[in-house]
Amino acid sequence: MKKESLIGCLLLGFLLPSCLEARQEHDFLHDLYDSRHHSAAQQRYRDLAPVPAGVVYIQRPGEGEAEIRWHFRTMKELGFTNLKQIMPLPDWSLEDIQRIALEEGLIPWWYAEGGWDPIGPELLQKLGLPTGMELSEVRRHPKMIAYQTEFLKKRVQRYAEEVRRTGHRERIRGSSSAYDPIVGKRGLDLSDRGKELFVTWAKEQYQTIEQLNFAHNQHHHGLATGGKPYTSWEDFEKRWPTYNHRELRIVRDILRFKADYGISALEEKVKSFREIDPDAPYRAGGELGLFRPHAYFGVNFPGIAEAMKDVGSFYPSIHFTWHFDQVRDELGPTVYMQASYIQDMFKGGWSGGWETTGGPQQFGGEKFGQNNKGFTVDAPEMEQFVLSMLAAGFKGWGLWSWSVRTAGAEVGEYALLDHQNNVTERAIAVGKIAKAMQKYREEIWSMHKEPQVGVFFDWDNEAMWTALSLKGQDSLRYRPMEARVGLTRALINSDIPFEFVNKQDLEAGLAQRYPVIYLPAILALDASIVSILTEYVSRGGRLVMDMPGAWMDTYSALFPRGSDSDFADLFGVILREYQFSGINRNWSVQGAALKGSIGDIQPVSAQVVQRFDNGKAAITSQKKGKGEAILIGYEAARACFRPHQDFAEKRLLHAILPDGIKAPVSSEQAIVYRLAGPESDHYFLLNEQAEPIDASLAIETPTYVEMEDAVSGEKIPLHAPVRIKAHGARWLRMQKK
């Protein structure tokens with residue numbers, strides 16, 4: 001729930017005299033952002049601007065052609081554009097239903113127009129269309145629609161021939177899930193074949209046995225395999241399975257090998273698919289909850305995103321009973337966190353919610369959350385759900401499902417229609433949003449986040465937390481996720497825009513996009529990015545790290561934090577060691593007890609901004625060049641993991657932004673998300689309360705001349721309260737001068 005105690009409108013005084021000047025003068029590097037995963041394929045999607053609003057059709061026993069056509073015409077009338085998936089009865093062929101869909105004006109694949117025949121000068125000439133016609137007009141032209149419909153019918157025929165020829169659909173699936181235990185189950189498990197391939201992978205990674213020995217800490221006391229380093233690759237192949245259980249880098253390597261192998265297997269699937277169909281987009285990334293420990297599963301989401309750069313789209317699965325266990329089945333802001341994680345790992349690429357929930361659910365799901373859980377998913381909840389995905393930057397979604405399964409597991413669950421096949425209020429509400437998505441599709445593709453805070457993510461850090469957890473506490477592997485959730489929760493509750501940023505983004509030059517970069521629970525700090533962070537601070541950035549930050553490097557060796565270290569030069573402190581609060585000793589700040597890791601900070605050139613109640617340094621600040629490096633000596637982000645941590649959130653925001661930050665539009669009553677565009681900004685307002693609210697908007701951007709509801713078209717006076725139904729959401733479009 002929105003907290004009035006959390007400084008609703010704060011000031012960005014640490015960068016420029018006013019927040020308005022900061023917004024106007026700060027360069028968010030949008031062009032560089034777009035280039036991160038740029039390719040010919042991504043440019044084609046961007047030019048065409050597809051925003052699929054798809055659903056899954058599950059055929060009921062007794063439904064024939066007349067009933068199928070009713071379903072498809074109803075979908076089309078409500079605003080849906082395509083079929084994310086078709087699940088036919090045994091006596092019906094998929095291809096027959098796909099043809100019916102095309103005849104009714106629905107594209108029978110998740111990607112909608114994204115799978116059209118590429119539009120170029122030759123095709124325009126062939127259809128007799130002017131070469132100078134705007135693409136937005138071209139795609140609406142009856143001649144183009146007729147041509148592309150026939151093109152897609154040929155795709156149906158091609159796929160049907162593949163099935164007749166091979167007897168299966170594996171090569172034409174066009175999608176892959178993130179977690180696939182090809183060479184071993186989660187954790188350190190490896191099949192016999194996996195063990196063989198791991199050796200080959202290690203040779204490719206390290207090139208020489210000397211480099212591997214160094215990486216695997218064979219020169220440290222008590223960590224050498226069998227008491228001595230490897231002498232050759234043959235020796236490694238023979239002895240590595242008996243590695244010392246205290247050595248952690250090899251744990252990281254096994255997990256990374258499995259992730260890398262999964263990506264190479266994905267690339268082979270893509271290659272096989274494109275041999276049959278070089279034009280249809282491929283999608284990958286789903287079927288693994290985004291609050292799970294991905295390194296433990298041998299999954300590297302940024303790597304999967306990179307694999308989609310030239311071929312298609314990156315996506316998550318978001319189902320309420322399956323993917324929210326680790327946040328105690330909390331919805332609302334956590335949906336935005338999930339969608340943002342995927343969107344932000346594929347900067348410049350096409351991401352969407354291609355496997356997401358559609359209706360109420362009570363049975364099934366993961367086994368690790370609360371028992372006897374179920375969800376009301378009515379019109380307001382679905383509005384929040386799909387608008388949160390759009391707000392995060394998704395360009396479309398596919399809902400599971402339109403109609404219910406009629407028997408067996410998941411019978412009667414997840415659907416937009418009710419059990420009697422009647423259209424529900426939620427189907428109508430989502431359909432209206434789908435129509436608005438098509439109306440503003442070019443604007444949607446032109447918009448960007450303008451993040452004030454970059455939330456740092458690093459796969460190696462996650463892997464080291466996992467390595468510690470395998471011989472220690474299982475909960476350790478969830479710590480970095482909990483810190484990210486806590487940080488982003490505090491930012492969301494104060495309407496402060498954020499974006500996840502990783503090492504590869506920093507190496508690509510994106511650091512200066514973010515006025516603030518926060519390193520939450522970065523136990524294993526990659527030494528190679530310290531110079532990047534130092535330059536970032538020198539050029540005016542504000543870097544914040546909390547505990548247990550920089551405990552080790554990504555090889556699991558103690559991170560250099562002494563007086564002559566790059567760390568000390570950056571933060572102006574010696575980080576001597578770490579203590580712990582909440583068991584045998586309690587540490588506190590301003591009388592508030594702390595839980596978790598405590599940094600023993602010895603200031604050198606940094607100023608002490610705040611002290612623990614025992615007098616020791618709790619937060620330090622070092623001015624460096626035009627910027628500032630802040631070290632927080634406790635787990636500030638993770639302290640906000642659970643909802644309603646009002647004081648911890650306020651304390652965290654004050655540490656990040658001592659003089660505050662003001663969003664272009666904020667509200668004390670509603671959550672506000674923003675996407676910025678060249679002609680208009682789009683805002684998404686969520687009401688977490690159980691009663692309707694009138695959300696007052698604090699508009700700090702004087703360039704807006706008009707505000708309208710993007711879904712209904714209603715004009716709303718600027719500065720007028722916005723009515724939002726209980727548990728509901730609104731999509732506002734702010735026209736610029």
Side-chain angles (χ1 to χ4, degrees), residues 10-38 42 46 336 339-349 351 390-395 443-457 487-488 491-492 494-518 532-533 535-544 626-628 656-657 660-666 672-684 699-704 734 736-737:
L10 306 164
L11 289 177
L12 189 55
F14 57 83
L15 286 177
L16 292 166
S18 74
C19 61
L20 176 58
E21 291 174 3
R23 284 196 307 277
Q24 290 176 337
E25 295 184 17
H26 186 75
D27 183 359
F28 288 98
L29 305 177
H30 291 323
D31 290 342
L32 183 58
Y33 174 102
D34 289 339
S35 72
R36 277 287 292 117
H37 293 91
H38 182 266
Q42 297 303 326
R46 182 172 295 279
Y336 182 82
S340 289
Y341 176 88
I342 288 294
Q343 169 69 26
D344 300 347
M345 294 300 150
F346 200 33
K347 295 176 176 67
S351 62
L390 286 180
F394 278 4
K395 281 51 171 200
E443 286 194 19
I444 289 172
W445 272 87
S446 73
M447 291 188 295
H448 296 85
K449 294 176 182 175
E450 292 191 340
Q452 296 293 346
V453 179
V455 178
F456 185 68
F457 165 88
L487 173 57
T488 55
L491 296 171
I492 288 171
S494 286
D495 301 327
I496 298 172
F498 69 88
E499 184 174 274
F500 293 105
V501 57
N502 61 30
K503 174 188 174 183
Q504 293 74 26
D505 296 327
L506 297 181
E507 291 174 335
L510 269 183
Q512 243 60 42
R513 172 174 168 83
Y514 310 97
V516 179
I517 293 179
Y518 194 110
I532 298 175
L533 295 175
E535 180 185 7
Y536 162 75
V537 172
S538 297
R539 293 177 59 190
R542 183 177 178 84
L543 178 68
V544 185
K626 298 179 180 179
E628 192 172 7
I656 304 174
L657 316 163
I661 183 173
K662 185 173 288 186
V665 174
S666 60
V672 180
Y673 303 126
R674 174 181 182 246
L675 290 174
E679 298 179 359
S680 66
D681 290 349
H682 289 212
Y683 289 88
F684 304 85
I699 301 176
E700 299 297 330
T701 303
T703 56
Y704 296 141
M734 301 281 205
K736 296 179 179 179
K737 288 182 181 177

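Please read all numbers here as calculations on a predicted model, not as lab measurements.
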Inset, instruction - List the steps and the verdict of side chain to side chain contact (heavy atoms under 4.5 Å, CB included) for V455 and D344. - result: CA-CA 10 Å; V455 178; D344 300 347; over 6 Å; no
Inset, instruction - Determine whether the aromatic ring centres of Y514 and F456 lie less than 6.0 Å apart. - result: no
Legend entry - E507 atom CD: more than 12 heavy-atom contacts under 6.0 Å: yes
Inset, instruction - Could you pull out the closest heavy-atom pair between R36 and L510, with the gap in Å? - result: CG-CD1, 3.8 Å
Inset, instruction - Let me see the working for F498 and L487 under side chain to side chain contact (heavy atoms under 4.5 Å, CB included), right down to the final yes or no. - result: CA-CA 10 Å; F498 69 88; L487 173 57; over 6 Å; no
Legend entry - P664 versus Y683, closest heavy-atom pair with distance: CB-OH, 3.4 Å
Legend entry - Inter-residue atom distance I532.CD1 - L543.CG, 0.5 Å rounding: 12.0 Å
Inset, instruction - Calculate, to the nearest 0.5 Å, the distance between atoms CZ and CG belonging to R674 and D495 respectively. - result: 12.0 Å
Legend entry - Shortest non-hydrogen contact between M345 and H37, atoms and distance: O-CE1, 3.5 Å
Legend entry - Donor-acceptor contact present, side-chain Y673 to main-chain Y336, <3.5 Å: no
Inset, instruction - Mind checking the CD-CD spacing from E499 to Q452? Nearest 0.5 Å is all I need. - result: 11.5 Å
Legend entry - Geometric class of the F500/Y341 ring pair [parallel <30°, tilted 30-60°, perpendicular >60°]: perpendicular
Inset, instruction - Kindly indicate whether the side chain of Y704, heavy atoms from C-beta on, has any atom under 4.5 Å from the side chain of V665. - result: yes
Inset, instruction - Check whether any side-chain heavy atom of V453 lies under 4.5 Å from a side-chain heavy atom of V544, and answer yes or no. - result: no
Inset, instruction - Would you please indicate if the ring centroids of Y33 and H448 are separated by under 6.0 Å? - result: yes
Inset, instruction - Work out which heavy atom in S351 is nearest to a heavy atom in I342; give both atom names and the distance. - result: CB-CG2, 4.2 Å
Legend entry - Where M447 and G677 come nearest, the two heavy atoms and their spacing: CG-CA, 3.7 Å
Inset, instruction - Indicate yes or no: at least one non-hydrogen side-chain atom of K736 is less than 4.5 angstrom from one of D681. - result: yes
Inset, instruction - Applying side chain to side chain donor-acceptor pair (under 3.5 Å), run through R513 and H26 and close with a yes or a no. - result: CA-CA 8 Å; R513 172 174 168 83; H26 186 75; over 6 Å; no
Legend entry - Inter-residue atom distance Q512.CD - D27.CG, 0.5 Å rounding: 10.0 Å
Legend entry - Pairwise distance CD1(I492) to OG(S340) - rounded to 0.5 angstrom: 7.0 Å
Inset, instruction - Would you please test I496 and I656 for side chain to side chain contact (heavy atoms under 4.5 Å, CB included) and show each step? - result: CA-CA 12 Å; I496 298 172; I656 304 174; over 6 Å; no
Inset, instruction - With rounding to the nearest 0.5 Å, note down the distance linking NZ in K395 to CZ in R46. - result: 6.5 Å
Legend entry - Under 3.5 Å: donor-acceptor pair, side chain of D34, backbone of D31: no
Legend entry - Heavy-atom closest pair, residues P515 and F28: CD-CE2, 4.5 Å
